[in-house]
Amino acid sequence: MSKEKKIAADKKSPSAVTGKALDWTLLSRVMHYVKPYNKTFVVAVFLTIFLAAIAIVQPILVQRTLDDYILKDNYNGLLTMVIIMMAQLIIQTAAQYYQTYLTNWLGESVIRDLRTDIFNHITSLRLKYFDRTPIGVLITRTVSDLETIADIFSEGLISIMGDMLLVVAIIAAMLYMDWKLALVTLIPMPLFFVATYIFKEAIKSSFQEVRTQVAHLNTFLAEHISGISVIQYFAREDQEMRKFVAVNEKYRDANIRSNWYYSIFFPVVEILFAICMGLLVWYGAQRVLTDQQLVWLSPNHKPVTTGTIAAYIVLLNLMFRPIRQLADKFNTLQMGMVGADRIFKVLDTQEVAENNGTVNTGRIKGDIRFEDVWFAYNDENWVLKDINFHVKPGETLALVGATGAGKSSTINILNRFYEIGKGKVTVDDIDIHDYDVNYLRGQIATVIQDVFLFTDTIANNISLNNETITREQIVSAAKDVGAHEFIERLPGGYDYNVMERGSTLSAGQAQLISFIRALVYDPAILVLDEATSSVDTETEILIQNAINKLMQGRTAIVIAHRLSTIQNADRIIVLDHGEIKEMGTHQELLKIENGFYRKLYDLQFNSAGIAR
Ligand SMILES: Nc1ncnc2c1ncn2[C@@H]1O[C@H](COP(=O)(O)OP(=O)(O)O)[C@@H](O)[C@H]1O
Ligand SMILES: [Mg+2]
């Protein structure tokens with residue numbers, strides 16, 4: 001194993017990878033999801049045991065038919081035997097059908113439930129988690145890693161149990177028929193177990209590599225399709241193509257390596273099988289001849305007959321079918337466990353905003369106070385340092401400052417998307433931690449620069465499928481914002497289907513939709529984070545009117561590059577490297593000689609000569 005590969009494998013899932021053949025705690029967690037389907041599970045297990053038992057009936061019937069009927073020219077009973085054999089086959093086939101169907105049904109049901117849980121959990125995670133986790137990885141978890149868990153049931157656990165039972169039953173039947181013949185025939189078996197073990201270990205690491213490469217492939221694809229416009233604008237197709245070729249190549253190599261192990265293992269098993277057959281024929285034939293004489297001497301001697309040899313041939317065939325797949329199934333099981341381990345890791349991620357607050361009634365007035373607030377995304381790399389301000393209900397606060405000054409961070413902590421390090425934030429003089437998080441967020445509408453629209457109708461994108469919001473409310477809000485006309489002109493109007501990420505609308509139109517979204521939720525506090533940065537002048541006028549409408553009777557925090565949009569704010573805060581440098585009204589701040597705000601203002605209005 002190459003060093004690189006080993007590291008990749010280790011990184012993935014330490015407990016399930018380095019653990020024993022089976023991690024019982026993990027398995028019991030998976031089994032927890034079987035509980036609702038206990039009856040199906042029991043029936044499936046029962047059918048599996050039944051299948052192992054009924055399978056060895058067939059060789060015994062073959063032996064009887066040969067020895068008692070065909071070789072004795074007894075054609076009367078032969079028909080009965082044929083009917084019994086056919087009945088056995090039909091029962092076996094029916095049982096097989098139900099067993100396959102039930103185990104698959106079970107696996108798919110379990111992962112459907114798990115998938116619901118994981119989606120539910122992912123959507124509740126804090127933004128901090130997504131800062132570190134690529135989308136492609138999460139998609140791999142919820143789709144392909146989950147599939148491997150379904151296989152635990154359809155091809156893994158139950159199937160392995162059935163196969164092992166079958167092998168034991170076959171060996172028992174062989175020993176029962178003639179223990180000497182059984183021992184000679186099965187001489188190569190230990191060799192076989194060694195080969196299986198080696199194969200299992202080899203294939204395990206290569207499977208892991210395949211899983212790792214699938215995640216890479218998914219991440220690469222998810223990112224590049226999302227960022228397709230960047231790639232095309234900068235004509236980076238060729239370079240990205242080359243990167244993709246490399247990722248793709250690694251995936252191919254990983255798959256080829258695992259297939260290579262198969263291409264060695266299967267012929268080895270065939271050879272061992274042939275040796276067993278050879279031993280059977282060689283020793284069996286001798287025994288048939290000598291035993292015939294022995295029976296003459298002592299009638300109690302149980303001979304090896306032609307029927308026994310035929311039964312053995314059927315038994316050997318029966319035995320090698322599951323044995324060939326046993327290593328594979330163990331790996332399927334192991335892969336399922338690795339998948340389960342990863343899924344449960346996501347489910348165990350405790351990065352959810354603590355929701356211990358209880359205040360969840362009444363309407364917030366919108367009094368916001370930051371007291372000595374310090375905030376960092378990581379450890380003590382303070383992004384906000386000792387922030388103090390107070391916004392009274394109905395007032396508008398504007399935040400200005402260079403990119404990276406900490407403006408967006410300020411509003412993110414108000415929403416409790418991230419938790420503050422030191423200090424206190426209150427809304428209506430109640431600590432934000434004392435509010436029910438969902439209630440608090442419901443009272444604050446945030447409009448950001450990057451509008452996200454789902455593949456859905458305009459109406460649903462506005463209401464976000466909230467059934468309490470009526471079509472009348474949506475239309476009325478759209479009229480208030482001044483977007484009604486353009487929506488009506490779209491084919492289907494409010495039922496017009498927005499394509500993925502709003503790609504069929506202009507940036508300004510998408511932004512207007514996000515304003516309507518904020519308005520129908522009728523928030524007490526309105527937050528605008530550079531909401532007007534990506535629109536043309538004409539739309540800006542429209543949007544400025546929309547904003548004025550939105551701000552009526554609400555507390556507002558506005559972040560804007562264009563100072564023209566914030567001149568009327570009751571208070572303006574200038575942030576720089578996470579610190580408040582200046583605070584006051586537009587007029588007050590302009591008076592500060594050499595002040596930050598003054599410089600910003602001169603830059604935008606005087607040097608360029610136009611407000612922008
Ligand atoms: N999710 C994040 N994780 C870690 N650091 C972040 C994150 N978001 C922003 N930062 C950092 O915090 C600082 C302030 O960012 P931000 O509040 O977004 O600035 P602004 O909105 O004023 O442009 C920047 O240095 C930025 O790199
Ligand atoms: Mg920002």
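Note that ligands are numbered from 1 as they come in the structure, with each ligand's atoms numbered from 1 the same way.
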- Message: Is the ring pair F389/F370 parallel, tilted or perpendicular, if the boundaries are 30 and 60 degrees?
- Response: parallel

- Would you please classify the geometry between the F452 ring and the F454 ring as parallel, tilted or perpendicular, with 30° and 60° separating the classes? perpendicular

- Query: Got a salt bridge between K365 and D429, using NZ or NE/NH1/NH2 to carboxylate O under 4.0 Å?
  - Reply: no

- Message: Counting only nitrogen or oxygen atoms and a 3.5 angstrom limit, does N378 reach ligand 1?
- Response: no

- Query: Any idea which protein heavy atom is nearest atom 9 (C) of ligand 1, and the distance to it?
  - Reply: Y377 CE1, 3.4 Å

- Message: Quick test: of every protein heavy atom, which one is nearest to atom 15 (O) of ligand 1, and how far off is it to 0.1 Å?
- Response: S409 OG, 3.7 Å

- Distance below 4.0 Å between atom 26 (C) of ligand 1 and any protein heavy atom? no

- Item | Non-hydrogen atom of G406 closer than 4.0 Å to ligand 1 | yes

- Do N466 and Y521 have side chains that get closer than 4.5 Å, going by heavy atoms? yes

- Query: Is it true that R29 and D348 make a salt bridge, defined as a side-chain N closer than 4.0 Å to a carboxylate O?
  - Reply: yes

- Query: Can you tell me if S408 has an N, O or S atom under 2.8 Å away from the Mg ion (ligand 2)?
  - Reply: yes

- Task: Salt-bridge test for R598 and D602: reply yes if a basic N is under 4.0 Å from a carboxylate O, no otherwise.
- Result: yes

- Task: In sequence, state the C-alpha distance, the side-chain angles, and the governing distance for Y435 and D428, and then conclude on side-chain contact (heavy atoms from CB on, under 4.5 Å).
- Result: CA-CA 11 Å; Y435 285 100; D428 286 4; 3.8 Å; yes

- Task: Would you mind checking which non-hydrogen protein atom is closest to atom 13 (C) of ligand 1, with the distance to 0.1 Å?
- Result: V383 CG1, 3.6 Å

- Message: Protein heavy atoms near atom 22 (O) of ligand 1, is at least one of them under 4.0 angstrom away?
- Response: yes

- Task: Specify side chain, backbone, both or neither for F375, according to which of its non-hydrogen atoms lie closer than 4.0 Å to ligand 1.
- Result: neither

- atom 1 (N) of ligand 1 - nearest protein heavy atom and its distance: D131 OD2, 2.7 Å

- Message: With a 4.0 Å cut-off on N to O distance, would you call E588 and R571 a salt bridge?
- Response: no

- Message: Looking only at protein heavy atoms, which one is nearest to atom 18 (O) of ligand 1, and what is the separation?
- Response: S408 CB, 3.7 Å

- Residue Y418 vicinity, atoms of ligand 1 by number, heavy atom under 4.0 Å: 1 (N)

- Item | Candidate list R554, Q473, Q443, test side-chain hydrogen bond (donor to acceptor under 3.5 Å, both in side chains), partner D522, passing option | R554

- Nearest protein heavy atom with distance in Å, relative to atom 24 (C) of ligand 1: G404 O, 3.8 Å

